[in-house]
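Protein chains get the first letters and strands the later ones, always in sequence-line order, with residue 1 at the start of each. All of these numbers come straight from a predicted model, not from anything done at the bench.
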Amino acid sequence: MSTCYQTSLRTFLEHESGIKTKHQAKELHARIIRTIAPVSAILNSKILSIYSNFNLLRDSLTLFNAIDSPQPTKAWKSIIKCYASSGFFLNSLTFFNGMRAEGRIPDRNVFPSVLKSCVQLRDLRLGESIHGCVITLGLDSDLYTGNALMNMYAKLQFLKDPQVFDKMPERKKQTSGFWNGLVGYNYPDELDLNLRSGGVGLDYDMTEQAIKLGALGMDTVSKVFEMMPIRDVVSWNTVIGGNVQSGRYMEALGMLREMGCADLKPDSFTLSTVLPIFAKYVDIKKGKEVHGFAIRHGFDGDVFIGSSLIDMYANCTRVDDSYKLFCLLPQRDAVSWNSMIATCVQNGRFDEGLELFRQMLRDNIGPAEYSFSIIMPACAHLTTLNLGKQLHAYVIRAGYDENIYVASSLVDMYAKCGNIKIARWIFHNMEIQDSVSWTAMIMGYAIHGLARDAILLFEKMQMEGVQSNSVVFVAVLTACSHAGLVDEAWKFFNSMNNHGIPPELEHYAGLADLLGRAGRLQEAYDFISSMHIKPTGSVWSALLSACRVHKNIEMAEKVAKEIFIIDPEYTGAYALLSNMYGVAGRWKEAQKLRITMKRKGMTKKPACSWIEVKNKVHAFVAGDKSHPLYDQINEALEEILEQIEREGYVPDTSEVLHDVDEEQKRFAVSTHSERLAIAFGIMSTTAGTTIRVTKNLRVCVDCHTAIKFISKTMGREIIVRDNIRFHCFKDGSCSCGDYW
DNA sequence: ATAGGGTTAG
């Protein structure tokens with residue numbers, strides 16, 4: 001017996017380092033069972049530790065249960081490690097607890113796993129308690145344990161932020177301690193019985209010690225870091241990462257330099273940790289330096305660095321550079337795809353973003369929650385309601401509809417695509433809403449001209465204690481603007497200071513626009529002149545458009561002069577003023593401006609309208625005959641125009657600037673892009689179907705009148721989204737009440 | 001034991 005045992009032990013020791021595969025491990029185990037019986041607890045624990053290193057959870061558990069109680073420390077440690085690396089964090093902690101109950105002393109090898117479980121369960125309190133335990137055992141000088149501790153504090157620092165914590169749904173908080181964490185946590189059936197082990201609660205006495213460590217969040221990370229006697233690259237990467245996550249970019253970069261002084265070279269982890277800083281700061285120079293460093297050190301094929309770089313170039317609006325990088329990546333994972341899609345969408349390349357999204361699906365990369373919140377704004381901008389609905393269906397099937405990012409982007413998409421009812425439904429059914437969700441909904445009401453709903457919702461948002469931000473004020477001002485609510489707008493604008501939100505260009509532009517539209521041109525002029533920040537061409541141009549609407553050419557000249565000084569390259573001003581001169585019959589002045597524009601190489605933004613029919617987007621540019629069905633469309637349009645003229649429609653050509661005869665003017669108006677899109681919509685859908693058209697510029701007065709007639713004569717609801725708002729035409733009138 | 005991507009904007 002004893003010789004047999006000795007032999008097998010020798011065999012075991014000879015083989016231990018040679019075991020490279022799971023199969024070999026099982027083979028060895030089988031051989032040991034054949035050779036000796038019974039196998040000692042020590043030997044079984046050794047096999048168990050080999051199994052656990054291969055993450056053979058089931059085999060490890062079987063073996064653990066086969067060992068007579070009390071199991072050796074080694075056996076406990078192996079199970080804890082195996083549970084943690086298999087994703088069963090609660091079970092891992094239960095075993096840790098059980099091990100302590102048995103009087104076993106944990107060592108440096110087990111703490112990293114235990115701390116990882118705390119992170120995954122977001123149990124900061126338990127983590128702190130374990131930190132105390134580490135200190136008591138004198139293990140706080142261990143490199144691995146120290147790194148794991150820092151990681152724990154860095155990842156859970158957000159729990160210290162009451163703003164963040166309060167916004168979390170109840171069931172996700174799970175910070176009230178270990179045992180509360182048991183509620184609602186699922187573990188697989190076959191592992192069920194192993195939960196019985198720990199009957200004794202954790203000794204929270206240790207918590208006191210952990211608390212004595214003092215400060216919150218990132219300070220704790222730094223404290224652990226400073227007390228570590230030995231630090232490696234991982235230690236540095238962890239502190240730097242912690243600093244980045246808490247927005248302390250300068251500290252992060254300072255530590256990057258210090259790391260070099262400590263004679264440690266940044267690795268691929270370091271680089272992809274600091275790259276988001278340069279992305280955020282739009283610092284292309286520093287970003288490129290990192291890129292160069294990555295190439296020189298052979299990190300440029302790394303997927304992590306790749307997507308960080310794509311993102312960095314995208315933030316610096318270098319879309320082509322991002323795309324080049326994306327193409328050069330040796331392999332692409334879900335994040336690389338999402339980064340590239342986000343690059344396109346966030347830089348206005350919606351079609352390319354959608355095409356890449358399709359390619360990603362074809363490449364069998366399943367879309368994640370991220371993917372949908374990235375792609376939805378593309379649908380919102382393009383008004384592709386059908387596509388948006390298909391994606392929404394995918395979201396529901398995948399169970400992503402509870403994600404706050406996804407849900408907010410859906411609210412926005414439906415609102416922008418003209419379906420305010422569904423937007424509202426989604427918004428109200430969200431478990432929690434953050435300021436972005438509220439803003440999306442308020443903005444949705446605003447662009448539909450539902451000012452009262454927008455304001456009520458904004459008031460409700462404040463009553464619920466949701467922090468206002470700069471964007472939500474843009475939304476509220478927009479709402480006021482579309483309804484001509486001057487007094488309310490002033491009230492909101494002035495209240496921004498009480499919220500500690502300084503007005504930005506958008507807010508000034510919003511109020512200037514509002515005053516202008518309401519005909520208070522002088523008030524608007526004085527307002528812009530007294531701005532606390534320097535107005536830009538776009539702020540003044542809001543007033544310039546108002547001058548056109550209210551036909552005040554003197555004020556227009558004054559405003560245009562301001563724009564020519566501040567922003568001489570601002571095309572809109574030349575075109576608008578020239579247009580006004582044309583309408584007033586001052587052809588010479590109009591022509592002079594057009595010549596200036598030509599000399600400066602300025603071109604007017606071409607008017608474009610589009611419509612989604614049978615999942616395909618059809619775009620129309622005024623006067624462009626390239627659509628394959630152009631002749632048919634034109635014929636249909638002629639017919640419609642004849643019909644509405646019989647109903648009393650009289651073309652209004654006063655806004656046409658060209659010095660041409662009446663017949664030509666009529667032609668110019670009648671081929672406006674939105675008419676082509678509407679005519680195409682009517683001829684290619686069944687009677688009664690709602691027509692949804694999007695235009696990149698404002699609808700002109702004549703088209704607005706014509707569409708009102710069309711809606712009545714053809715018995716169609718026609719929803720036009722121009723660059724400012726929605727116009728819902730029905731039975732001869734428009735939802736904007738002719739104020740836009 | 002460490003890393004990358006997300007929603008709102010006249």
Rounded to whole angstrom units, what separation is found between the [atom1] atom of [X] and the [atom2] atom of [N]?
X        : N      : atom1 : atom2 : answer
A:Ile528 : B:dG10 : CD1   : C1'   : 12 Å
A:Leu143 : B:dA1  : CG    : P     : 12 Å
A:Leu410 : B:dT8  : CG    : P     : 11 Å
A:Asn696 : B:dG10 : CG    : C1'   : 16 Å
A:His507 : B:dT8  : NE2   : C1'   : 12 Å
A:His482 : B:dA9  : NE2   : P     : 13 Å
A:Leu543 : B:dG10 : CG    : C1'   : 13 Å
A:Leu514 : B:dA9  : CG    : P     : 19 Å

All side chain to side chain contact (heavy atoms under 4.5 Å, CB included) counterparts of [X], not counting sequence neighbours:
X        : result
A:Cys417 : A:Thr383, A:Leu385, A:Met413
A:Asn347 : A:Ala314, A:Thr317, A:Val319, A:Thr343
A:Trp425 : A:Asn429

**Asked** Can you list the steps and then say if A:Tyr445 with A:Phe427 is a ring-ring contact (aromatic ring centres under 6.0 Å, His included)?
**Response** CA-CA 12 Å; A:Tyr445 282 138; A:Phe427 177 79; 8.4 Å; no
**Request:** Take nucleotides 2-7 of chain B nucleotide by nucleotide from the 5' end and write B, S or -, depending on whether a protein heavy atom sits under 4.0 Å from the base, only from the sugar-phosphate, or from neither.
**Result:** BBBBBB
Output side-chain donor-acceptor pairs under 3.5 Å for residues 471-485 of chain A, partner residues at least two apart or in another chain, one line each.
{"from": "A:Thr478", "atom 1": "OG1", "to": "A:Val474", "atom 2": "O", "distance (Å)": "2.6"}
{"from": "A:Ser481", "atom 1": "OG", "to": "A:Asp513", "atom 2": "OD2", "distance (Å)": "3.0"}
{"from": "A:His482", "atom 1": "ND1", "to": "A:Ala446", "atom 2": "O", "distance (Å)": "3.1"}

**Asked** Which residues pass the ring-ring contact (aromatic ring centres under 6.0 Å, His included) test with A:Tyr739, sequence neighbours left out?
**Response** none
